[in-house]
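Below: one structure, written as structure tokens.
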Amino acid sequence: MAKLSTGDLLDAFKEMTLIELSEFVKEFEDTFDVTAAAPAAVAAAPAAAGGAAAGDAAGDQDEFDVILEAAGDKKIQVIKEVRTITGLGLKEAKDLVEGAPKPVVEKANKESADKAKEALEAAGATVTVK
């Protein structure tokens, strides 16, 4: 098997959606029995800062933001779904849910945004896609 350079790996990650990257992180954690909660929280901070730029590209609808409006009655279930979707740690996911309305997924394709919206609504949350 050919060894990939760090640059090659980063290029591959840049092409992934947040949901695909979250699924990769979960599989990585399971395979190597590690937790990547701290790096995921650091990666989420720049994504949150990009929210203003996402509003500028509203006319070009190939990227969508999934906004958590309210957690509803099943807050614990919503926190679990946010962790699944984003790869955030428990505290970060809890803070995101309690601070609603907040973006959960930003700049995702239509399919990923719809998938995240369905999962959050199934957990009892109120969600909008912009």
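Owing to the predicted nature of the structure, the values given are computational and were not obtained by experimental measurement.
- Other residues, nucleotides and ligands contribute over 12 non-hydrogen atoms within 6.0 Å of the CG atom of L4.
- The 12-atom threshold is not exceeded at CG of D73, counting heavy atoms of other residues, nucleotides or ligands nearer than 6.0 Å.
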Which atom pairs, donor and acceptor, lie under 3.5 Å between side-chain atoms of residues 110-129 and protein residues at least two apart or in another chain?
{"residue": "S112", "atom": "OG", "partner": "N109", "partner atom": "OD1", "Å": "2.9"}
{"residue": "T128", "atom": "OG1", "partner": "E69", "partner atom": "OE2", "Å": "2.9"}

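- Closest approach of L90 and R83 over heavy atoms only: N-NE, 3.5 Å.
- Under a hydrophobic clustering in which Ile, Leu, Val, Met, Phe, Trp and Tyr are joined whenever their side-chain heavy atoms come within less than 4.5 Å, directly or via other members, V105 and I79 fall into the same cluster.
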Listing, residues 11-21 side-chain donor-acceptor contacts under 3.5 Å, not counting sequence neighbours, or none:
{"residue": "T17", "atom": "OG1", "partner": "E20", "partner atom": "N", "Å": "3.2"}
{"residue": "T17", "atom": "OG1", "partner": "E20", "partner atom": "OE1", "Å": "3.4"}
{"residue": "E20", "atom": "OE1", "partner": "T17", "partner atom": "N", "Å": "2.9"}

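- Taking NZ of K75 as the start and CD of E98 as the end, the distance is 4.0 Å to the nearest 0.5 Å.
- Between G87 and S22, the closest heavy-atom pair is N-OG, 3.5 Å.
- Residue V104 forms a side chain to side chain contact (heavy atoms under 4.5 Å, CB included) with just one option from V97, L88, V78, L96, and that option is L96.
- The cluster map of Ile, Leu, Val, Met, Phe, Trp and Tyr, joined by side-chain heavy atoms under 4.5 Å apart, puts L68 and F64 in the same cluster.
- Between the CD atom in Q77 and the CD atom in E81 there is a gap of 7.5 Å [rounded to 0.5 Å].
- One finds the NZ atom of K107 at 8.0 Å from the CG atom of D65 (value rounded to the nearest 0.5 Å).
- Remark: K26 NZ is packed, more than 12 non-hydrogen atoms of other residues, nucleotides or ligands lying under 6.0 Å away.
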